[in-house]
2 protein chains.
Amino acid sequence: MSAGGRVEQTRAQIVEAALRLFAERGYERTTMRAIADEAHVAVGNAYYYFGSKEHLIQGFYDQMQRQHMAASEAVLAGTTNFADRLSGVMHAWLDVAAPYHEFAAQFFKNAADPSSPLSPFSEGSAAARDGAVSVMRHVVDGADLSVDRELRAALPELLWLYQMGIVLCWVHDASSGARRTRMLIDRTVPLAERIIRLSRSRLLRGPTRDVVSLLGDLGLRFADAGHIVGREAAILGRI
Amino acid sequence: MSAGGRVEQTRAQIVEAALRLFAERGYERTTMRAIADEAHVAVGNAYYYFGSKEHLIQGFYDQMQRQHMAASEAVLAGTTNFADRLSGVMHAWLDVAAPYHEFAAQFFKNAADPSSPLSPFSEGSAAARDGAVSVMRHVVDGADLSVDRELRAALPELLWLYQMGIVLCWVHDASSGARRTRMLIDRTVPLAERIIRLSRSRLLRGPTRDVVSLLGDLGLRFADAGHIVGREAAILGRI
DNA sequence: CCATTGACTTGAACGTGTTCAAGACGGGGG
DNA sequence: CCCCCGTCTTGAACACGTTCAAGTCAATGG
């Protein structure tokens, strides 16, 4: 086995041990010493590969996003109806995230911390974010929905923001099976569809333009990230 | 001096020392030992009065909300135009919060952590939240704005959610003077007003009802909290 | 075969939040 | 005046995230 392979194996050992223990006892109650033990490695070695305990979470995010992307693929292959596509993708996220609800909530707080490398707005999360946005792009592109041209370009990002809101609700949602969050989805998706359809009406064209240009000026429109979109497209293209 | 008075003095000493040091060096870089020293008190004593380092932040919240309420009072006395009132109250918040931007951002992450007593959705924050909602109620009540009846009842809470969104932006906003956040306010307030006015139009009456009933079913409508509203009303009633 | 180099690994030590057993204090009953 | 009891107050001790000087190891060059 090459040295590179061994290094990858050590990394994997550590992140796997961490996720196993997080799922078992939660984030806070898992110590770096326990992770190191479980991975048959010294404490300092974990820090050689991961800058901090928080950085280990990125591994969890990556895994979850891969699973969500696969689940979305199945959903999006089944229908061209916009509401069904969006709803399906959102429920798929809940399905994927469900097993981790208890401990995931413990560190989703990083979402609101701008100094954390785990903030979904941070540089470090660019890859995961672009992946999620590109899922939304496919939701829109494959749908039989006539959208205002300008809005269409901004819609994937808007839907990603919508998803962040749903996640925030989910984090606070203690109901069994995330009932409340699922209700929120079921009732906001048709609402979103209606508003998107109305975006071309005389009454709402103005506000729509305002929202789109605001989004642009805020700089939420990230760099093209062609390579990421390319990579994800390889997966989603088959849909 | 009675024992009760002495106790209050000790509490105040600790919270004042904490705020002073937070402002000076930031939250993370302030140690409990330093706070205890500054307050001329033993470390354990701080824990006798405050459950954790995080709990000391509540003192900061309380102080900021008092200041914001006072600033809002001045603003709301000046105009009955809805957009001006909402915009004024939001900018007033930014003014009040400005000196603390650097270190406040460090712990606003608790906002997204449901397990934290500092989450704006938590029981512990009920008082502060009710106060903020009641400011929004006065924004609406004193405005020359004809609103759909059902929407009117839900509007204060919706505007509070809007404020949470603005705060989230502010936390991430590194521009000088919170330029970006101020722009966001200046461009979303007229948008909000337009949509609220349109809430009575045939086209939007349906979606409006949907949003209002959704808010109710989600349980975001908190208990009446009459005593709080009463207390705040004593202040805001003079407007 | 050895020496050198640099990537990887180790675990003791440090700083910080938090806990807790023990003490100080003060006022009320004997 | 003393003792008792409950309310503060103390600071040493603990647990955990993190750092770092030192060590191991494999590959490379002589």
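In what follows, every heavy atom counts, from backbone to side chain, and hydrogens, waters and symmetry copies are set aside.
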- With sequence neighbours left out, what residues match B/Val189 under side-chain contact (heavy atoms from CB on, under 4.5 Å)? B/Ala83, B/Leu86, B/Ser87, B/Tyr162, B/Ile185
- Query: Among all residues two or more places apart in sequence or in another chain, which pass the side-chain contact (heavy atoms from CB on, under 4.5 Å) test with A/Phe50?
  - Reply: A/Arg11, A/Ile14, A/Val15, A/His55, A/Leu56
- Item | Between P of D/dT7 and OH of B/Tyr49, the distance in whole Å | 12 Å
- Under a 4.0 Å heavy-atom cutoff, the residues of residues 10-22 of chain B touching DNA chain D are B/Thr10
- Message: Please enumerate all residues that pass salt bridge (charged side-chain N to carboxylate O under 4.0 Å, His left out) together with A/Glu28, with sequence neighbours excluded.
- Response: A/Lys109
- Query: Which residue pairs satisfy the salt bridge (charged side-chain N to carboxylate O under 4.0 Å, His left out) criterion with at least one member in residues 53-70 of chain B, sequence neighbours excluded?
  - Reply: none
- Starting at CG of A/Asp37 and ending at P of C/dT9, how long is that distance when rounded to a whole Å? 16 Å
- Message: Test of understanding: with salt bridge (charged side-chain N to carboxylate O under 4.0 Å, His left out), list the residues that count as partners of B/Arg187, not counting sequence neighbours.
- Response: A/Asp217
- Whole-Å distance separating the OH atom of B/Tyr48 from the P atom of C/dA22: 19 Å
- Task: Tell me, please, which residues at least two apart from A/His40 pass ring-ring contact (aromatic ring centres under 6.0 Å, His included).
- Result: none
- Message: Using a 4.0 Å heavy-atom cut-off to protein, can you give one letter per nucleotide of nucleotides 15-20 of chain C, 5' to 3': B if the base is in contact, S if only the sugar-phosphate is, - if neither?
- Response: -BBBBB
- Could you tell me which residues satisfy salt bridge (charged side-chain N to carboxylate O under 4.0 Å, His left out) with A/Arg20, sequence neighbours excluded, listed by chain and number? A/Glu38
- Item | For A/Phe103, ring-ring contact (aromatic ring centres under 6.0 Å, His included) partners two or more places apart | A/Phe60, A/Tyr100, A/Phe107
- Task: Five pairs at each end of the helix from C/dC1-D/dG30 to C/dG30-D/dC1: take the axis at both ends and give me the angle between them to 10°.
- Result: 30°
- Message: Check this for me: does any side-chain nitrogen of one of A/Asp95 and A/Arg182 sit under 4.0 Å from a carboxylate oxygen of the other?
- Response: yes
- Listed partners of B/Asp186 passing salt bridge (charged side-chain N to carboxylate O under 4.0 Å, His left out), at least two apart: none
